Structures are given as C-alpha cells and as structure tokens.
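Presented below is the structure to which this report refers.
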Amino acid sequence: MQLATWNVNSLNVRLPQVLDWLTAHPVDVLALQELKLSDDKFPLQAFTDIGYQAQWFGQKTYNGVALLSKSPAEDVVRNIPGFADEQSRVLCGTFDGVRVIGAYFPNGQEPGSDKFAYKMRWLDALREWLRAELVAHPQLVLMGDYNITFDDADVWDPVGLRETIHCTTEERNHLQALIGLGLTDSVRLFPQPEKNYSWWDYRDFAFRRNRGMRIDHILISEALKARATACEVDKLPRKNERPSDHAPVVLTLD
DNA sequence: ATGACCGACACAGTCGGA
C-alpha cells in the first residue's frame, strides 16, 4: 500500500500534473492540499477517468483539501470535530482499514499575529481530536502540509530563519506534541539525501539552489510504523513547467 | 532593508502564501 501527500497550490492550474503524477505513481491514497476551488468546481470526472475515487472539501480562493483513492472512503470526516472553522483544512477517511487524515495546517504568517494565534488554537484542537482518533483507529496516518519544520535540519538557513514562521519553538513544540501521541515522522525512518526539503520559494531560484524547508510530513501510528518500508520526497514534479512550490511525499507500507 | 514569484480575483493592485 502506498500513500502520498501533495500541496498543489491550485488544483485548477495543477490538474494535468496531478493526473500525470498519479498515472506514473498509482498510489492507493493521495491527499491534496490548497485546491483553491469551491466544491462545485472539483474535477471529479478527470480522476474517475484514470480509476480514482475522490472525496473533497473545497473552498473558493483559499485552502481546500481532497483524498483521491483506489478504494472507497469510509467514515469520512470534514475538519476537526468540535472545532468551529470557516476554513476547509482537514479531510479524513478510512481506506482498506487505514485511517487517513489529510490536512492543510494554517500558515500562521508571523509569530504574534492573529493568524499565528489561530494556528496555535487549530493545533490544540487537532491534537485533542487525534488523541481519541488513535484509540479508535490504531492504524492511522496524518499527512499533509504542516507548515512546521521539526528542527534545523529541515531548514536551508536555520540561522537566518531562526524563530521565524515555520521555525518557531512554539510551532515545533506543537509538532513534538503530535509525536508524543505515539506518531512517527516516517521520512526519518529511512536514509535520506542531505538537505531533504519538500517546499521551495518560487522566488530567487530557490529550488535550483535547494533553498527550501521540509514542511510536508507523513506521521504514522505505531501499528503503521511496523508496516513502513520506504518514505521519500519526489522532487521531480518541482522541475516541471508551472510547478507547485511543494513536492509530493510518498510512504510505502507492507 | 526590501522584494523577489505565484495564484485568485478581477482586469489593477492587493492579499495570502511560506
């Protein structure tokens, strides 16, 4: 079984690339973030044409998430139960017995801002929901654009970006609290290239210079950790014309 | 230091992204 996550930065623009990628990498579940389209604009037919089913939770202009899958989704949940949210950020379903949560974590913009405070509240709510979800579903994966780096190894310029957004101690403590629930960063289970990032700024030739951050993650429960055989970032789509600024991350399970 | 680049919305310039 293979699972993947990809922030596509507009599904309108990136649909051909998503279709190409899925054809070349027929994963069982692909979580998408930043659809930037309303539900009535979701291109369902394009995915059914290549053998995929879909769940989607869109929003005009901003946010929006989807789960594309070979098998049908069961027990679908939209956003974090009990956390009132105008923004479409979380989509959850069970696929072949695996509880899959696709999430687009808030950006936070700048420490001290209202958006940062929302990010912290959102992270609190996510953690408390996950705590219960893990009891009900031992085989669980949380994947998406976390907008948080684990540590300086995830940052191209840790000195220059010290305590800036995605790199603050407060955000990293929240990420460690998810680890504290019994989740594991699947990328770091396996040997990786040096400076292994998942996002690069569009500006200043950042991809060519590998000036990036690893902010897209796949966290897995103990039961899934026992099944994990590989996890890697696929940088190839970032080399396309009109690429997303994020690259897909792919997890392989036995 | 600032802006760079991109997408949406709208059709200019602003906002949000990260």
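Model, not experiment: these values are computed from the prediction. In what follows, every heavy atom counts, from backbone to side chain, and hydrogens, waters and symmetry copies are set aside. Here is the naming used below: chain letters follow the sequence lines, and residue numbers restart at 1 for every chain.
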#### Entry: Protein-to-nucleotide contact annotation, 5' to 3' order, nucleotides 7-13 of chain B [B base; S sugar-phosphate only; - none; under 4.0 Å, heavy atom]
SSS----
### Query
When rounded to the nearest 0.5 angstrom, what distance separates CD1 in A:Ile215 from OG1 in A:Thr149?
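Between A:Ile215 CD1 and A:Thr149 OG1, I get 8.5 Å after rounding to 0.5 Å.
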Distance check needed: [N] [atom2] versus [X] [atom1], whole Å only.
| X | N | atom1 | atom2 | value |
| --- | --- | --- | --- | --- |
| A:Phe105 | B:dG16 | CZ | P | 22 Å |
| A:Arg162 | B:dA18 | CZ | C1' | 19 Å |
| A:Asn147 | B:dG16 | CG | P | 15 Å |
| A:Asp145 | B:dG16 | CG | P | 17 Å |

### Task
Classify the side-chain pair A:Asp145/A:Trp199 by whether it contains a donor and acceptor separated by less than 3.5 Å.
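Their side chains do not contain a donor-acceptor pair, so the 3.5 Å distance test is not met.
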### Query
Using a distance-only test with no angle check, is there a side-chain donor-acceptor pair under 3.5 angstrom linking A:Gln2 and A:Thr252?
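Their side chains do contain a donor-acceptor pair, which is all the 3.5 Å distance test asks for.
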#### Entry: Stepwise salt bridge (Lys or Arg N to Asp or Glu O under 4.0 Å) test for A:Arg188 and A:Asp151
CA-CA 12 Å; A:Arg188 290 207 184 157; A:Asp151 52 42; 2.8 Å; yes
### Query
With a cut-off of under 6.0 Å to the ring centre and 45° to the axis, is A:Lys36 in cation-pi contact with A:Tyr62?
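Judged by the rule (NZ or CZ under 6.0 Å from the ring centre, within 45° of its axis), A:Lys36 is not positioned above A:Tyr62.
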### Message
If you assign A:Asp204 and A:Asn7 each to the DNA chain B nucleotide with the nearest heavy atom, which residue ends up on the more 5' nucleotide?
### Response
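Nearest-nucleotide comparison on DNA chain B picks A:Asp204.
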#### Entry: Greater than 12 external heavy atoms within 6.0 Å of A:Arg162's CZ
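Atom CZ in A:Arg162 is not crowded, with 12 or fewer foreign heavy atoms closer than 6.0 Å.
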#### Entry: Residue-phosphate contact under 4.0 Å: A:His246 side-chain N/O, B:dA18 OP1/OP2
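Yes, A:His246 has a side-chain N/O under 4.0 Å of OP1/OP2 on B:dA18.
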